[in-house]
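Structure first, then comments.
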Amino acid sequence: MKLPPRAAGLMAAAVLACLTGVSGVSGVPGASAAQAAEAGVGAGALPSVDMEATVKAAQIDPRRPDNTLTPGARASVLLVERALRDRRLLDAKWVDGYFGTTTIAAFATFQRSLGRTGLAASGLPDTASLTRLGAGRFTVTHVIGPGARVSTGGVVVDARTRSMLAEAKRLLGRDLVLLQGSYNPGGDPTSAGTHDGGGVVDISVKGMSSATRTAAVRALRRVGFAAWLRNPDQDDWPWHIHAAAISDTDLSSQAQHQIGDYYLGLNGLAGRAPDDGPKVPIRTWEEYRRH
């Protein structure tokens with residue numbers, strides 16, 4: 001009798017466990033042969049987690065008003081959630097392909113179990129923690145990372161952000177003067193923690209016409225920033241452009257929220273008003289480079 005594919009996978013995993021004497025998967029306590037089959041272990045090549053899609057979901061899903069899934073991310077998020085479940089960090093009812101606040105919290109707990117603190121345990125997947133979680137269960141593809149911390153324009157950013165700024169300047173045809181960089185905890189109270197991590201800059205608009213300001217925001221958005229023109233009516237700050245690099249894995253939690261709101265058509269401020277910037281197709285830096 002020919003078994004259905006899932007049943008055949010379960011039987012193969014069970015036989016493998018019997019032959020090898022292994023009762024768990026990848027050293028995860030309590031992982032059964034059935035879970036091994038579900039994760040793809042013992043069935044040939046391991047499944048893969050698309051890191052770009054997973055990180056995108058981890059930024060957008062927690063800000064959604066409903067359980068709509070991030071397009072293209074479901075299969076990868078499910079693999080991550082199953083691994084968290086099997087480590088007893090996530091209840092089975094939350095294994096749904098939706099990288100919401102509960103999954104964020106579970107992933108942050110896993111990161112802390114690796115000895116991480118602060119930015120390194122924000123719940124946003126990074127290459128090292130995602131790879132550790134997937135050991136023996138899944139591989140990681142479309143890997144992204146912020147790169148080293150570097151100095152540019154008199155402030156500190158990461159290498160990925162510096163490359164994005166350079167391309168935005170090229171598109172705009174003029175320099176961009178940075179007022180504030182990244183990794184600047186407590187540097188400006190009005191920033192509400194968005195500059196605590198990587199990927200975030202404030203840009204001067206001094207000497208720019210209204211049209212040039214809009215063009216600058218558009219150029220920044222095109223290369224993968226969630227960018228807005230800020231004005232004094234919004235808070236106690238001068239006119240400036242605030243830009244956060246989408247999918248920078250060093251983002252502070254507050255900056256992650258801003259990017260999620262940007263995808264949902266909002267302005268990135270606490271009041272969550274409609275986006276008031278120029279409309280462009282939303283792309284990450286990696287997606288921009290592929291187009």
Side-chain angles (χ1 to χ4, degrees), residues 52 55-56 59-60 144-147 149-184 188 190-191 194-195 197-235 237-252 254-269 273-291:
E52 286 187 35
V55 171
K56 189 182 294 184
Q59 294 165 100
I60 305 170
I144 52 177
R149 298 186 189 188
V150 295
S151 178
T152 186
V155 301
V156 175
V157 297
D158 57 53
R160 180 177 183 266
T161 301
R162 182 175 64 180
S163 296
M164 294 170 66
L165 287 169
E167 178 62 6
K169 292 175 186 179
R170 188 190 71 80
L171 292 176
L172 185 62
R174 63 174 292 161
D175 194 22
L176 293 172
V177 177
L178 302 183
L179 299 172
Q180 185 179 186
S182 308
Y183 307 105
N184 188 29
D188 181 355
T190 65
S191 297
T194 56
H195 290 262
V200 181
V201 295
D202 285 345
I203 298 167
S204 172
V205 295
K206 184 177 180 180
M208 290 187 186
S209 66
S210 177
T212 302
R213 293 174 180 178
T214 300
V217 173
R218 181 179 292 109
L220 290 161
R221 289 185 170 195
R222 283 183 60 189
V223 302
F225 285 100
W228 300 273
L229 178 64
R230 301 302 196 206
N231 67 73
D233 291 336
Q234 296 170 325
D235 208 327
W237 51 44
W239 284 93
H240 69 282
I241 294 171
H242 178 76
I246 299 169
S247 293
D248 188 305
T249 55
D250 269 359
L251 290 167
S252 69
Q254 297 89 332
Q256 293 172 40
H257 294 165
Q258 284 191 322
I259 288 168
D261 284 355
Y262 176 60
Y263 271 98
L264 299 177
L266 304 174
N267 68 355
L269 294 175
D275 183 15
D276 55 1
K279 305 304 179 187
V280 301
I282 299 179
R283 290 175 179 161
T284 66
W285 171 237
E286 290 73 25
E287 289 167 340
Y288 170 80
R289 295 177 69 189
R290 287 197 290 269
H291 282 77

Could you tell me which non-hydrogen atom of I282 sits nearest to which non-hydrogen atom of E287, and how far apart they are?
O-OE1, 4.2 Å
For S182 and V201, which heavy atoms make the closest approach, and how far apart are they?
OG-CG1, 4.5 Å
Looking at N267 and L269, would you say the former's side chain and the latter's main chain have a donor-acceptor pair under 3.5 Å?
yes
Going from CD1 on I241 to CG on L179, what distance comes out if it is rounded to the nearest 0.5 angstrom?
9.5 Å
Determine the minimum heavy-atom distance between P238 and H240, stating which atoms define it.
O-ND1, 2.8 Å
K279 atom NZ: more than 12 heavy-atom contacts under 6.0 Å
yes
Taking the side chain as C-beta and beyond, is there a heavy-atom pair between I203 and L178 under 4.5 Å?
yes
side-chain hydrogen bond (donor to acceptor under 3.5 Å, both in side chains), paired with S247, selected from K56, Q59, E286:
Q59
Heavy-atom pair with the smallest gap, counting every atom of D158 and G147
CB-O, 4.1 Å
Do other residues, nucleotides or ligands put more than 12 heavy atoms under 6.0 Å from R174 CZ?
yes
How many angstroms lie between atom CD1 of I259 and atom CG of L264, to the nearest 0.5 angstrom?
12.0 Å
Quick one: are I246 and Y263 in side-chain contact, heavy atoms under 4.5 Å?
yes
Distance-only, no hydrogens or angles: does the R162 side chain make a donor-acceptor pair with backbone N or O of V150 under 3.5 Å?
no
Does any part of the side chain of T214, heavy atoms only, come nearer than 4.5 Å to the side chain of L229, both counted from C-beta?
no
Check: H242/Q258 side-chain N/O donor and acceptor closer than 3.5 Å
yes
Hey, are the side chains of V177 and K206 touching, using non-hydrogen atoms and a 4.5 Å cut-off?
no
Gap between atom CG of L165 and atom CG of D175 - 0.5 Å precision
10.0 Å
Do you know the tightest heavy-atom contact between F225 and G199?
CE2-O, 4.1 Å
For the pair Q254 (side chain) and T194 (backbone), establish whether a donor and an acceptor sit closer than 3.5 Å, ignoring hydrogens and angles.
no
Checking Q234 side chain against N231 main chain: does a donor-acceptor pair fall under 3.5 Å?
yes
Under the side chain to side chain contact (heavy atoms under 4.5 Å, CB included) criterion, do N184 and V156 qualify, and how do the steps go?
CA-CA 8 Å; N184 188 29; V156 175; over 6 Å; no
Would you please name every residue forming a salt bridge (charged side-chain N to carboxylate O under 4.0 Å, His left out) with R149, sequence neighbours left out?
none
Spell out, as yes or no, whether a donor-acceptor pair under 3.5 Å connects the side chain of W239 to the backbone of R230.
no
Side-chain contact test, heavy atoms from C-beta onward, threshold under 4.5 Å: evaluate it for R218 versus L171 and give yes or no.
no
Heavy-atom closest contact (A245 atom, T161 atom, distance)
CB-OG1, 4.2 Å
Go through the steps for Y288 and M164 under the test side chain to side chain contact (heavy atoms under 4.5 Å, CB included), then give the verdict.
CA-CA 10 Å; Y288 170 80; M164 294 170 66; over 6 Å; no
To the nearest 0.5 Å, what is the distance between CG (D276) and CH2 (W228)?
9.5 Å
Check: L251 main-chain N/O paired with Q256 side-chain donor or acceptor under 3.5 Å:
yes
Do I144 and D248 come within less than 4.5 Å of each other through their side chains, counting heavy atoms only?
no
